[in-house]
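Worksheet: the structure to be examined is printed underneath.
Per chain, numbering begins at 1; letters A, B, ... match sequence-line order.
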Amino acid sequence: MCGRYNIITDAQALVDYFDVLNEIDFSPRYNIAPSQDVPVVRQQDAGRELALLHWGLIPFWAKDEKLKYSMINARADTVHEKPAYREAFKKRRCLIPASGFYEWRKEKGRKQPYNIRLKDTDIFAFAGLWEHWEGPEGEVIDSCSIIVTEANKLIEPIHDRMPVILSTKGYDTWLDPDNHNTNTLRDLLTPYPPAKMECYPVSTVVNNARNEGADLIKEKY
DNA sequence: CCAGACGTTGTT
DNA sequence: GTCTGG
DNA sequence: CCAGACGTTGTT
DNA sequence: GTCTGG
């Protein structure tokens with residue numbers, strides 16, 4: 001699955017890479033955790049937009065915010081039919097920028113974190129969904145979830161699930177709110193080619209979501 | 001009809 | 001909002 | 001995802 | 001064990 005990741009570029013790099021129209025207030029992050037506001041690329045009528053959304057999707061019909069603790073990931077194989085996600089899957093797909101993500105491997109009673117990234121780029125995108133929620137007191141929260149699938153050969157030894165990473169070719173298809181071809185969309189939700197990724201152990205300092213900084217992605221020998 | 005869930009992963 | 005279970 | 005709280009009263 | 005916070 002995907003419960004912690006990093007974005008190690010500045011705001012301008014995100015704007016340039018995703019070709020969005022607006023500016024955004026963002027600094028590099030080494031330890032992004034659920035419940036935080038994360039940069040998300042959405043398709044607007046005029047073009048792409050970067051927005052900061054709460055990580056942990058709150059379905060539009062939710063009576064309170066309680067669900068935001070569990071909806072951080074959506075399974076690729078069922079996302080089109082699950083009550084909490086199917087509306088967002090139809091009309092509110094997004095890209096969730098990242099530079100890498102962390103997975104923990106259970107080894108003899110301990111949990112060893114790994115950083116996983118792409119060999120040839122500092123920026124890529126998870127396949128995501130977003131949702132608009134208005135609470136009974138008039139609160140408004142836009143939130144998002146990262147789609148997950150089975151692990152590829154690189155990740156398998158560490159964890160049996162991994163986030164869906166979209167190829168750049170898939171961005172437009174995924175973002176198009178008028179694309180209602182479920183099969184075409186689901187075809188994008190496959191494990192990324194392991195040959196294009198790399199994976200290495202890091203310090204358990206990343207475990208605590210309060211910790212930040214470049215040390216978090218240093219390889220642990 | 002109303003009540004309650006609506007999610008994922010991992011562990012026992 | 002919509003589906004399932006009772 | 002992991003870490004940390006999980007309770008009340010009264011005092012500083 | 002389960003929930004909340006980061």
Report, one line per pair, each donor and acceptor closer than 3.5 Å where one atom sits in a side chain of residues 29-36 of chain A; sequence neighbours left out.
unit_1	atom_1	unit_2	atom_2	d
Arg29(A)	NE	Glu212(A)	OE2	2.7
Arg29(A)	NH2	Asn31(A)	O	2.9
Arg29(A)	NH2	Gln36(A)	OE1	2.9
Arg29(A)	NH2	Glu212(A)	OE2	3.4
Asn31(A)	OD1	Arg4(A)	NH1	3.0
Asn31(A)	ND2	Val206(A)	O	3.3
Asn31(A)	ND2	Asn208(A)	O	3.1
Asn31(A)	ND2	Asn211(A)	O	2.9
Gln36(A)	OE1	Ala33(A)	N	3.0

Would you mind classifying the nucleic acid contact of Val206(A) as base, sugar-phosphate or nothing, using non-hydrogen atoms under 4.0 angstrom?
nothing

dG1(C) P sits how many Å from Glu134(A) CD, rounded?
12 Å

Let's see if you get this right: which residues in residues 149-166 of chain A place a heavy atom under 4.0 Å from DNA chain B?
His159(A), Asp160(A), Arg161(A)

Between dG1(E) and dT9(B), how many Å separate the two C1' atoms, rounded to a whole number?
16 Å

Round to a whole Å and report the spacing from CD of Gln112(A) to C1' of dC2(D).
14 Å

Heavy-atom donor-acceptor pair, Tyr85(A) side chain to Asn73(A) backbone, under 3.5 Å:
yes

Calculate the interatomic distance between Ile96(A) atom CD1 and dC1(D) atom C1'; express it in whole Å.
15 Å

side-chain hydrogen bond (donor to acceptor under 3.5 Å, both in side chains) involving Glu139(A) - partner list, sequence neighbours excluded
none

What is the nucleic acid contact for Pro59(A), judged by heavy atoms within less than 4.0 Å: base, sugar-phosphate only, or nothing?
nothing

Nucleotide pairing, DNA chain D (Watson-Crick or G-U, distances under 3.5 Å), in dot-bracket with [ ] and |:
||||||......

Heavy-atom donor-acceptor pair, Ser99(A) side chain to Asp122(A) backbone, under 3.5 Å:
yes

So, Asn115(A) and Tyr200(A): side-chain donor and acceptor under 3.5 Å apart, yes or no?
yes

Check the side chains of Glu156(A) and Asn152(A) for a donor-acceptor pair under 3.5 angstrom, ignoring hydrogens and angles.
no

What is the distance from NZ of Lys91(A) to P of dG1(C), rounded to the nearest Å?
12 Å

By side-chain hydrogen bond (donor to acceptor under 3.5 Å, both in side chains), which residues pair with Arg161(A), not counting sequence neighbours?
none

Roughly, in whole Å, what's the span from OH in Tyr102(A) to P in dT9(B)?
21 Å

Polar pairs (N or O, both sides) under 3.5 Å between protein and nucleotides 4-6 of chain C?
none

Expressed as a whole number of angstroms, how long is the span from Ile146(A):CD1 to dT9(B):P?
13 Å

Euclidean distance for P, dG10(B) against dC2(D) (whole angstrom):
9 Å

Looking for any heavy atom pair under 4.0 Å, which part of the strands does Ile72(A) touch: base, sugar-phosphate only, or nothing?
base

Length of the CZ-C1' vector between Phe126(A) and dC1(D), whole Å:
12 Å

Take atom P in dG7(D) and the same atom in dC3(E), then report the distance between them in whole Å.
13 Å

Please tabulate, one pair per line, each protein N/O and nucleotide N/O from nucleotides 4-7 of chain B that are separated by under 3.5 Å, including the distance.
unit_1	atom_1	unit_2	atom_2	d
dG7(B)	OP1	Pro83(A)	N	3.4
dG7(B)	N2	Ser70(A)	OG	3.4
dG7(B)	N3	Ser70(A)	OG	3.3

Could you note down all residue pairs passing ring-ring contact (aromatic ring centres under 6.0 Å, His included) where residues 37-57 of chain A supplies at least one of them, sequence neighbours left out?
Tyr5(A)-Trp55(A)

Cation-pi between Arg42(A) and Trp130(A): NZ/CZ under 6.0 Å from ring centre and within 45° of the ring axis?
yes

Phe18(A): which residues meet the ring-ring contact (aromatic ring centres under 6.0 Å, His included) condition with it, sequence neighbours left out?
Tyr171(A)

Taking Lys90(A) first and then Glu87(A), would you say they form a salt bridge - that is, a charged N and a carboxylate O separated by under 4.0 Å?
yes

Base, sugar-phosphate, or nothing: which does Tyr5(A) touch, judged by heavy atoms less than 4.0 Å apart?
nothing

In whole angstroms, how far is the P atom of dG10(B) from the CZ atom of Arg105(A)?
14 Å

List the atom pairs, donor and acceptor, that lie under 3.5 Å between side-chain atoms in residues 56-66 of chain A and the rest of the protein, sequence neighbours left out.
unit_1	atom_1	unit_2	atom_2	d
Asp64(A)	OD1	Lys66(A)	N	3.0
Glu65(A)	OE1	Lys68(A)	NZ	3.0

In chain order, what residues pass the side-chain hydrogen bond (donor to acceptor under 3.5 Å, both in side chains) check against Glu131(A), with sequence neighbours excluded?
Arg92(A)

Closest non-hydrogen contact found for Glu103(A) with Pro163(A) is OE2-CD, 3.9 Å

Contacts of Trp104(A) meeting side-chain hydrogen bond (donor to acceptor under 3.5 Å, both in side chains) (sequence neighbours excluded), chain-then-number -> Asn207(A)

In whole angstrom, give me the gap between the P atoms of dC1(D) and dT12(B).
15 Å

